[in-house]
Amino acid sequence: MKKNSIKKGTDKRFSLLLSIIIVFCLFGCVVFFVSRRISREMSSAAIQNLNENLDLIKCTIETIWKNQAEFQKLMAQEVAEWEDPEEYIRSYQKNQTMVKISLIRAGKTEGISSMGEDFSEKGMAFTPSGMMQGMEVSRSYVNYMGTWAYTIKCPVERDGEELGWLYVEYTYDALDQSLPDGFYDKQAMLYIMDARTERFVLKPKGMGERNAGHLNLEDFYRANDIHEKSLQSQIKDCVQNKKDFMFYHNIRGKSCLNFIWMVNDGSICLIGYVPTEAIQREAKTVTYNIIVVVAVMMAAFMLCCILYYRNQRQHRRIMREREAEREEHNKQLKEALHAAQLASNAKTMFLSNMSHDIRTPMNAVIGFTTLLAKEAENPEKVREYTKKIMASGQHLLSLINDILEVSKIESGKVVLSEEEFAMNDLIDSIDAIIRPMAGEKQQEFHVEIRDIEHEYLVGDETRINQVLINLLSNAVKYTQEGGRIWLRFIGLKQHSSQFERIRIEVEDNGYGMTQEYLKTIFDVFTRAENSTTNKVQGTGLGMAITKNLVELMGGTIEVFSEVDKGSLFRVDMELSISEHQSGRQTEGPGVDTDTDKEGQNSLHGLNFLAAEDNEINAEILSEILSMEGAGCVIAENGRMVLDRFRESEEGEFDAILMDVQMPVMNGYDATRAIRALDRQDAGEIPIFAMTANAFAEDEKEALHAGMNFHLAKPVDVELLKKVVYQYIKQSKEGHEV
């Protein structure tokens with residue numbers, strides 16, 4: 001038994017060693033083939049780079065010649081303007097580029113040069129194959145200074161009459177200043193050869209290994225051991241046919257890439273070679289780096305094998321630990337399942353509560369509507385029942401709004417509107433809403449502000465207002481009559497000079513909450529259940545909405561509470577500091593919806609154009625306006641509203657009541673189309689959005705489309721009258737003044 005165990009261990013170690021050897025062999029093969037492939041690709045890239053370098057030198061030389069030819073044409077024009085052209089020639093001073101200029105009059109074979117000697121073009125061999133910018137170029141020759149040069153022949157004309165020929169002698173040494181100082185780190189060799197004479201006319205300084213014997217192409221063959229007749233024949237054919245040519249050949253025991261590159265349509269050519277090792281230097285570097293990486297990987301592989309061998313001895317211990325982890329994981333899954341069941345039960349309880357909360361106002365609406373039908377002849381009963389139906393409807397509307405708000409937040413469709421606002425305006429608006437609510441329960445409402453350095457901030461004022469209204473309205477609801485409520489704005493130490501840190505505290509001495517309920521107060525489907533709070537109407541969604549809005553604005557919210565002692569909600573957030581602290585500009589006129597001016601908020605005598613695709617809603621709107629003494633024309637969609645307004649006379653309608661979601665054309669498009677009409681009242685007539693789209697984003701989109709005000713359905717008649725007074729009555733009074 002023991003021998004079998006030893007044998008098994010030996011076989012296992014042998015298998016491991018064999019696996020390591022196989023892996024090493026595989027890695028070696030991969031490195032070999034990858035290095036070969038990289039070497040080929042890098043060589044191809046290097047050849048392409050050599051082509052680009054030769055093309056660059058070619059373009060440089062051709063550009064220099066083009067400039068010389070164009071300048072010589074200008075000189076020929078200047079010579080033609082002189083009364084005595086020979087005087088111009090004799091007065092010319094040579095420079096580094098143009099050594100000598102000469103002139104031969106028309107009809108003559110000899111002329112004068114700037115050197116003061118007679119000049120003739122005999123022996124200069126001008127050929128059509130050496131044309132440059134339409135001018136003939138001579139073969140290369142050695143001038144009187146012992147320097148290789150060439151001459152360009154240019155006609156001299158005046159008013160279409162040929163006066164003679166201007167000859168300018170240029171030296172190849174002038175090209176030396178424009179060519180690169182080194183070629184492949186001065187390892188390459190580069191000559192310039194006249195293709196017609198096959199003579200080397202220039203070898204730039206500092207480029208390659210200089211050999212004084214390189215005078216012509218035959219000498220180049222001898223110096224570089226190019227003896228193959230077939231190769232020499234190929235080179236000669238390329239020179240004669242003006243084709244570029246590259247070939248590999250060993251020069252002085254080194255593998256080199258030789259080249260012949262044509263310039264100026266083959267009148268001259270670049271000839272030389274680049275050592276292969278200079279071209280493949282990058283490939284060798286990459287191959288070396290690959291070998292280093294593979295060596296590191298091999299070492300890492302060996303280390304892993306050693307660690308694996310050692311870890312085998314710890315296998316049982318690891319298995320025990322994994323078993324314990326599995327048991328812990330199962331326990332966590334059970335807890336998660338239990339939490340999911342609790343959440344499902346909470347959701348079921350919430351739906352049950354919502355069913356009760358929705359049915360309660362609905363029962364009131366249906367019940368009082370039944371009583372209203374029976375007591376239709378009793379004015380006092382009618383007013384009483386109508387008032388109660390209105391209250392129940394408002395409560396039902398608040399339930400629906402809360403449910404929609406939670407749905408919108410959870411779907412990620414809430415978008416913050418970052419705008420400048422004043423802290424005082426925010427606090428005044430909150431105070432105007434909460435103080436009357438607290439006053440109805442004889443509660444004391446205190447507002448405290450301290451350590452806030454900046455008045456004007458940037459943020460979503462509407463969402464901040466919504467958070468504060470939720471917290472403060474709950475404080476009023478869940479505080480007994482005669483209780484106290486505090487609203488505090490406290491400035492905290494700034495983390496950045498661009499942001500104001502604010503702590504908002506809402507505290508009351510009301511009923512308070514249990515510690516168990518505080519753990520779930522911000523969950524969507526929870527609501528406190530006790531004999532006191534059950535009497536307070538609400539969805540239980542306010543705290544979930546509040547927490548989501550605070551976190552959406554980058555803030556945090558905490559709650560502290562004790563039963564029968566009260567609650568404290570603490571909100572911390574950072575708001576950008578506005579650059580304009582001296583004042584704030586508002587967009588458009590505001591509407592004073594809290595002021596009811598006696599006798600002024602009347603719709604009597606006004607004529608409205610209304611967009612409403614629902615027949616019942618259209619009938620209700622018509623009856624309400626009729627009861628207020630106003631006229632109304634109903635259109636079923638936005639297109640009909642646009643057509644009816646276009647056909648109307650100016651001043652026929654005092655305002656447009658625009659629904660948003662309609663067939664054919666929606667309210668936004670219809671408003672834009674009306675504002676774009678070419679008539680005076682199209683841009684002035686008030687357009688009010690009357691829609692069930694009641695979120696802040698909907699109001700913003702309505703104003704952006706060109707509407708004046710946003711009224712959410714169901715329409716508050718008193719608010720409608722105040723808005724109409726603000727936009728129509730005051731506008732008319734202003735025009736009369």
Side-chain angles (χ1 to χ4, degrees), residues 40 43-66 68-69 125-141 148 150 152 170 172 175 178-180 183-184 187-204 207-208 211 214-251 254-276 278-280:
R40 288 195 300 269
S43 296
S44 177
I47 293 173
Q48 180 63 28
N49 180 262
L50 176 59
N51 290 344
E52 294 174 356
N53 288 334
L54 292 174
D55 285 337
L56 179 61
I57 296 174
K58 171 184 175 181
C59 292
T60 301
I61 295 174
E62 290 179 346
T63 301
I64 293 173
W65 283 357
K66 178 181 178 182
Q68 290 175 351
F126 288 96
T127 60
S129 61
M131 298 294 288
M132 184 184 302
Q133 295 292 309
M135 297 183 294
E136 294 183 8
V137 182
S138 70
R139 290 184 178 180
S140 302
Y141 58 88
W148 282 100
Y150 57 93
I152 300 177
Y170 302 89
Y172 281 98
L175 298 177
S178 301
L179 295 180
F183 201 39
Y184 279 89
Q187 297 185 55
M189 185 179 71
L190 174 67
Y191 288 110
I192 295 179
M193 183 183 77
D194 184 272
R196 289 163 289 187
T197 62
E198 296 184 355
R199 298 293 299 271
F200 289 175
V201 296
L202 177 66
K203 179 176 186 297
M207 299 182 67
N211 190 318
H214 292 185
L215 302 177
N216 54 34
L217 190 57
E218 291 295 332
D219 183 59
F220 179 80
Y221 292 155
R222 290 192 300 271
N224 297 301
D225 298 327
I226 303 176
H227 304 302
E228 297 88 342
K229 295 299 182 181
S230 59
L231 183 57
Q232 292 181 8
S233 177
Q234 282 183 282
I235 295 174
K236 185 175 182 179
D237 180 67
C238 290
V239 173
Q240 291 177 351
N241 295 320
K242 304 176 182 179
K243 296 190 299 182
D244 299 333
F245 182 49
M246 282 189 178
F247 60 94
Y248 281 101
H249 191 272
N250 290 335
I251 296 178
K254 296 181 181 179
S255 175
C256 297
L257 180 61
N258 298 258
F259 57 86
I260 298 177
W261 218 251
M262 299 300 154
V263 181
N264 193 35
D265 296 328
S267 62
I268 68 170
C269 58
L270 306 175
I271 184 169
Y273 62 83
V274 181
T276 305
I279 296 177
Q280 297 182 343

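Note that the structure is a prediction, hence the values are computed from the model and not measured.
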Check: [Y] and [X] side chains under 4.5 Å, non-hydrogen atoms:
X: Ile271; Y: Phe200; result: yes
X: Phe259; Y: Asn51; result: no
X: Met193; Y: Ile260; result: no

Compare every heavy atom of [Y] with every heavy atom of [X], then report the nearest pair and how far apart it is.
X: Ile251; Y: Cys256; answer: CB-SG, 4.1 Å
X: Ala195; Y: Val239; answer: O-CG1, 4.0 Å
X: Met189; Y: Asn224; answer: CE-ND2, 4.3 Å

Residue pairs meeting salt bridge (charged side-chain N to carboxylate O under 4.0 Å, His left out), one or both in residues 223-239, sequence neighbours left out, come to Asp237-Lys243
Sorted by chain and residue number, the side-chain hydrogen bond (donor to acceptor under 3.5 Å, both in side chains) partners of Tyr170 (sequence neighbours excluded) come out as Gln72
Q) Under the side-chain contact (heavy atoms from CB on, under 4.5 Å) criterion, do Asp194 and Tyr172 qualify, and how do the steps go? A) CA-CA 11 Å; Asp194 184 272; Tyr172 281 98; 4.0 Å; yes
*Between the side chain of Asn216 and the main-chain N/O of Glu218, is any donor-acceptor distance below 3.5 Å?*
yes
Using atom types as modelled and distance alone, determine if a side-chain donor or acceptor of Arg199 lies under 3.5 Å from a backbone N or O of Tyr141. no
Rounding to 0.5 Å, atoms OG (Ser138) and CZ (Arg196) come to a distance of 7.0 Å
So OG of Ser267 and CZ of Arg139: to nearest 0.5 Å the spacing works out to 12.5 Å
For a side-chain contact (heavy atoms from CB on, under 4.5 Å) check, start with the C-alpha distance between His249 and Leu231, then their side-chain angles and the critical distance, and finish with the verdict.
CA-CA 10 Å; His249 191 272; Leu231 183 57; 3.9 Å; yes
Show me, pair by pair, the donor-acceptor contacts under 3.5 angstrom made by side chains of residues 53-65, not counting sequence neighbours?
unit_1 : atom_1 : unit_2 : atom_2 : d
Asn53  : ND2    : Asn49  : O      : 3.4
Asn53  : ND2    : Asn49  : OD1    : 3.2
Asp55  : OD1    : Trp261 : NE1    : 2.9
Thr60  : OG1    : Leu56  : O      : 2.8
Glu62  : OE2    : Asn264 : N      : 2.9
Thr63  : OG1    : Cys59  : O      : 2.7
Trp65  : NE1    : Tyr150 : OH     : 2.8

From the list Phe247, Tyr248, Tyr273, side chain to side chain contact (heavy atoms under 4.5 Å, CB included) with Leu257 holds only for Tyr248
